[in-house]
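Accompanying notes for the structure given below.
Computed from a prediction, not measured in an experiment: that's the story for all the values here. As the structure lists them, so they are numbered: ligands from 1, and atoms in each ligand from 1.
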Amino acid sequence: MLEPLEERLDQPLPAEHLPKEDSEDSELEHIMGRPPPPEGHNRPHTPGTPTLRPAAAPRGPGEHESRTGGQRGRVEFSLPSPISPSRPKSPWGRYDPYDATEDQDKEYVGFATLPNQVHRKSVKKGFDFTLMVAGESGLGKSTLVNSLFLTDLYKDRKLLNAEERITQTVEITKHTVDIEEKGVKLKLTIVDTPGFGDAVNNTECWKSVADYIDQQFEQYFRDESGLNRKNIQDNRVHCCLYFISPFGHGLRPLDVEFMKALHEKVNIVPVLAKADTLTPLEVKKKKIKIREEIEQYGIKIYQFPDCDSDEDEEFKQQDQELKDSIPFAVIGSNTVVEAKGKRVRGRLYPWGIVEVENPAHCDFVKLRNMLVRTHMQDLKDVTRETHYENYRAHCIQSMTRMVVKERNRNKLTRESGTDFPIPTAPGVSDSETEKLIREKDEEVRQPPHTQTQEQECVTQECVDQECVMHDECVQESVQEECVMQEESVQEAEHCAELC
Ligand code: GDP
């Protein structure tokens with residue numbers, strides 16, 4: 001685990017708030033906070049931060065993982081033990097979902113504890129998240145990452161001079177830190193792309209980034225298709241913060257190229273870098289321009305999940321504000337300064353102080369809340385359900401094609417009689433078999449435009465799904481191959497499912 005920054009902002013928790021080792025109750029208390037307040041109470045929120053809740057409809061049991069944020073308005077359950085004998089005994093003590101006065105006499109099966117079970121299991125396992133930062137160097141990527149996670153991830157960074165950068169290719173570097181907050185462990189991996197857009201010729205400089213993302217998918221695909229799937233290391237990139245320069249007029253061609261090349265592979269969240277160099281009006285105009293261009297070029301950035309229609313107005317408004325903030329105008333700083341008697345992370349200028357965490361100065365808090373508190377699990381879900389699924393489907397398709405080709409080649413080889421011994425059909429003598437082999441050999445030795453060549457050509461066309469018209473006999477052959485291919489696809493899919 002890396003050392004926190006010297007001037008780390010977060011204060012150590014008072015001893016009484018620290019989890020007691022080996023005490024499951026205390027562990028739960030610190031992990032989950034206390035049970036949610038009854039209906040009508042204020043939504044839990046952390047002081048000084050918007051009360052935005054995750055908007056996504058539950059996508060699966062893992063959903064509970066990300067929603068362990070600050071819990072407020074807690075209600076202590078100090079009720080006596082259940083009196084109804086049919087009431088399930090839950091091991092959750094005061095986190096027992098049935099532990100309410102109105103529940104005392106009702107009969108229950110007990111599955112309301114399922115969320116607790118999932119929650120507990122995932123907390124024990126810990127969480128991981130991989131964030132990629134991309135964009136021209138000098139736009140404040142490392143500073144922002146340090147500000148976001150209150151760590152110094154770039155201690156050993158070596159900056160290149162202009163001469164070295166002329167021919168520099170895009171490098172991919174990975175930093176991993178284990179962060180623990182209130183008993184919840186997060187393995188955070190930051191993937192940086194130094195050198196992006198730095199060379200004189202930046203044609204296809206996004207390629208190594210795209211390759212890196214694919215390699216992680218490939219590794220995961222191999223791991224989950226292998227025999228031991230117990231401890232798969234998930235290095236898939238869950239989110240890419242793409243830094244847009246505040247000095248240009250909207251997107252540059254390289255920005256468009258990068259985002260278009262990667263939008264099917266990763267959740268892209270665009271950010272407007274160094275927002276303190278722009279006036280509020282300029283920020284507003286640039287955001288509108290960038291959003292228009294994203295639309296115009298058909299770039300598919302990460303879409304925040306739609307909010308449910310039954311959500312309250314306040315929540316809907318917060319959700320809309322978040323969507324309107326794209327691209328998040330951010331400011332980063334590695335230093336703590338004193339503003340209005342408080343020590344805050346900020347940038348000190350001769351004319352004043354820019355506070356990183358002041359919502360009036362930039363969208364830093366919105367971005368951090370979105371990334372960590374409200375949408376981390378959704379980013380992971382979209383990575384798994386959309387981007388990885390696309391990769392996997394593509395992989396299976398290619399594998400199927402290879403299987404079909406291989407099968408056809410084997411079929412032809414078999415027919416030529418070179419590979420396999422031809423079994424003697426019952427009632428056929430050995431000399432007759434030899435005659436058959438000789439005839440087949442003759443067929444194979446025939447010049448071009450023989451049936452063998454035609455069949456190879458038809459097979460290839462079928463594989464490429466461009467079955468074209470030949471004569472009737474060829475069409476029949478195509479149909480046969482198509483049926484074979486379909487069978488192979490089903491076979492491969494069935495195999496992948498089994499894997
Ligand atoms: P990277 O190369 O993209 O990782 O950029 P760095 O984080 O190394 O920052 C490059 C320079 O920009 C450093 O001098 C930072 O202090 C400065 N910087 C970083 N963030 C900001 C910001 O939000 N506003 C301003 N004005 N400068 C920043």
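- Among the atoms of Gly332, some N or O lies under 3.5 angstrom from an N or O of ligand 1.
- Set against the non-hydrogen atoms of Ile331, the atoms of ligand 1 under 4.0 Å away are 23 (O).
- Shortest non-hydrogen contact noted between Ser245 and Glu136 is CB-OE1, 4.4 Å.
- Evaluated by nearest non-hydrogen atom to atom 12 (O) of ligand 1, the leading choice among Lys141, Arg347, Lys274 is Lys274.
- Partner of Phe364 under the side chain to side chain contact (heavy atoms under 4.5 Å, CB included) criterion, out of Ile331, Asn358, Asn369, Leu148: Leu148 alone.
- Under the 6.0 Å distance and 45° angle rule, Arg392 does not count as a cation-pi partner of Phe221.
- In this structure, CG in Leu251 is found 12.0 Å from CZ in Arg291, a value given to the nearest 0.5 Å.
- When the heavy atoms of Val330, Thr277, Asp276, Leu278 are ranked by distance to atom 24 (N) of ligand 1, first place goes to Asp276.
- Taking the centre of each ring, Phe127 and Phe129 stay at or above the 6.0 Å mark.
- The Ser137 neighbourhood of ligand 1 comprises atoms 2 (O), with distances under 4.0 Å to a heavy atom of that residue.
- For Phe364, the heavy-atom gap to ligand 1 stays at 4.0 angstrom or more.
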